[in-house]
Amino acid sequence: MPRVRIVTWNVNSLKMRLPRILEFAELHQPDVLLLQETKAEVAAFPALELEAAGYQSVHHSAGRWAGVAILVRDGLELGETVLGLPGEPDPAEARWVEAQVDGTRMICTYVINGRALDSPLYADKLAFLAAAADRVATLRGAGEDMILGGDFNVTRDDRDVYDAAAFEGGTHVQPEERAAFDTILERGGLVDAYRHLHDDPDDRHYTWWDYRAGHFHKGLGLRLDYLLPSQSLAGRLEACGIERDFRKGTKPSDHAPLVADL
DNA sequence: ATGTCACACCGTGTGTGA
């Protein structure tokens, strides 16, 4: 695989965010984009606009909610695609899509939020994370290199949370969620690309900020978005960073893009 | 500040999901 720039970005509606996505593509020239929360019907997917910008795409749609897509720059080979995750709680929610890109499997996921610890959706979240671990273990066993990226709705440790006390008793910070995340890394043989390059005890950089109450302006965010390459690819990591500028300006998503060069 | 944004629906607001 030649040097690639890969991006994960929860865009919170592809339709609303298309101008910012095209702006981002023009500025940063990514080779692969993993997009979550497309919130677009199949027929509403802006394939022609993306083709005009130089990208082929695969979209797994759930209509008005969730939805994930992989965009691949012209010149890279977009091969086999897979829609859905074996064993996921509700396949109709469209939270997992895979595509072979020049022989490397790119995977884009939007993990179930969970809402609250006493919600059935929280059990579904843990089940989804377990199914993801099974899937990456299967792929690893088949000898495949991969890059799994997306919005995991989990922080890995308290560095990833602006105020751990404020989240006590809530989702996104629980030890069982974090353990489920670590199991994905272990069983898939994957590396947290951002932490691989930025592991200072005081490194506090976030990828999501609530739209409300000026949280972005106040620096109150969470690190929820990840790029997880196979260990065999991680040695080639040159850079991994968060493009905070795309959380600003006109009609931003509540997530910033996470970019890795490898 | 319980503070915003985006979706669908016959809608000029309300419910749902984040």
Side-chain angles (χ1 to χ4, degrees), chain A residues 8-24 33-46 49-50 59-69 85 88-97 108-129 132 149-155 160-163 165-174 177 180-181 206-226 242-258:
Chain A
T8 182
W9 192 5
N10 179 325
V11 295
N12 184 18
S13 168
L14 198 47
K15 181 184 172 188
M16 294 305 296
R17 221 62 61 208
L18 189 59
R20 300 306 303 268
I21 294 167
L22 296 175
E23 177 195 355
F24 181 91
L33 292 113
L34 310 177
L35 305 180
Q36 302 87 37
E37 285 205 85
T38 57
K39 291 184 173 179
E41 301 283 351
V42 171
F45 188 82
E49 291 91 333
L50 294 170
H59 182 212
H60 188 23
S61 169
R64 67 185 288 197
W65 304 120
V68 285
L85 170 65
E88 66 184 315
D90 183 358
E93 288 189 340
R95 295 176 175 277
W96 185 277
V97 62
C108 175
T109 189
Y110 171 48
V111 173
I112 294 167
N113 176 294
R115 194 175 298 173
L117 299 187
D118 59 359
S119 165
L121 295 177
Y122 180 65
D124 287 349
K125 179 183 196 174
L126 296 174
F128 187 94
L129 290 166
D151 173 2
F152 286 75
N153 273 315
V154 177
T155 55
D160 303 329
V161 185
Y162 69 87
D163 180 1
F167 278 81
E168 221 172 288
T171 60
H172 298 60
V173 303
Q174 295 302 314
E177 298 171 82
F181 188 111
Y206 311 127
T207 64
W208 171 86
W209 299 261
D210 200 306
Y211 280 122
R212 292 171 288 188
H215 274 203
F216 177 71
H217 193 68
K218 296 173 187 167
L220 309 179
L222 302 175
R223 190 169 76 102
L224 301 179
D225 301 273
Y226 302 87
I242 301 155
E243 292 298 328
R244 293 180 74 260
D245 285 354
F246 282 82
R247 181 60 178 79
K248 308 176 190 169
T250 308
K251 288 271 177 200
S253 170
D254 47 353
H255 293 251
L258 176 71

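Each chain gets a letter, A, B and so on, in the order its sequence line appears, and its residues count up from 1.
Nucleotide B:dG17 holds its P atom 18 Å from the CH2 atom of A:Trp208, rounded to whole Å. One can place CZ of A:Phe216 at 15 Å from C1' of B:dT4, the figure rounded to the nearest angstrom. One interatomic measurement links the two molecules: NE2 of A:His172 to P of B:dA18, which rounds to 9 Å at whole-angstrom precision. The distance between atom OH of A:Tyr211 and atom C1' of B:dT4, rounded to the nearest whole Å, is 8 Å. Atom-to-atom, CD of A:Gln36 to P of B:dA6 comes out at 17 Å; the value is rounded to the nearest Å. Atom pair A:Asp210:CG and B:dG17:C1' shows a separation of 13 Å (rounding to whole Å applied). Regarding A:Leu222, its CG atom lies at a distance of 16 Å from the P atom of B:dA18, rounded to whole Å. With rounding to whole Å, A:Phe152 atom CZ is found 17 Å from B:dA18 atom P.
B:dT14 is paired with B:dA8 under the Watson-Crick or G-U wobble criterion, all donor-acceptor distances under 3.5 Å.
When the nearest nucleotides of DNA chain B are assigned to A:Lys251 and A:Lys218 by heavy-atom distance, the more 5′-ward of the two goes with A:Lys218. Judged by closest nucleotide on DNA chain B, A:Asn12 is the one of A:His255 and A:Asn12 placed further toward the 5' end.
Checked against B:dG3, B:dA18, B:dA6, the side chain of A:Ala213 finds its nearest nucleotide in B:dG3. The side chain of A:Trp65 lies closest to B:dG17, out of B:dC5, B:dG17, B:dA18. Listed nucleotides B:dA18, B:dG3, B:dC5 differ in distance to A:Arg115; the shortest reach to its side chain belongs to B:dA18. Which of B:dA18, B:dA6, B:dC7 sits closest to the side chain of A:Arg17 comes down to B:dA6.
Across B:dG17 and B:dA1, the matching P atoms stand 29 Å from one another, rounded to whole Å. Here, B:dC10 and B:dC5 have their C1' atoms 22 Å apart, quoted to the whole Å. Taking the P atoms as reference points, B:dT2 lies 29 Å from B:dA8, given to the whole Å.
Between A:Lys39 and B:dG17 there is no side-chain N or O to OP1 or OP2 distance below 4.0 Å. A:Ser253 has no side-chain polar atom (N or O) that falls below the 4.0 Å cut-off from OP1 or OP2 of B:dC5.
There is a side-chain donor-acceptor pair under 3.5 Å between A:Gln36 and A:Thr8. In this structure, a donor-acceptor pair under 3.5 Å is absent between the side chains of A:Asn12 and A:Glu37.
The aromatic rings of A:Phe24 and A:Phe246 sit perpendicular to each other, their planes meeting at more than 60°, with 30° as the lower class boundary.
A:Tyr162 has its ring centre no less than 6.0 Å from the ring centre of A:Tyr206.
Rounding to the nearest 0.5 Å gives a distance of 12.0 Å between CD of A:Glu49 and NZ of A:Lys15.
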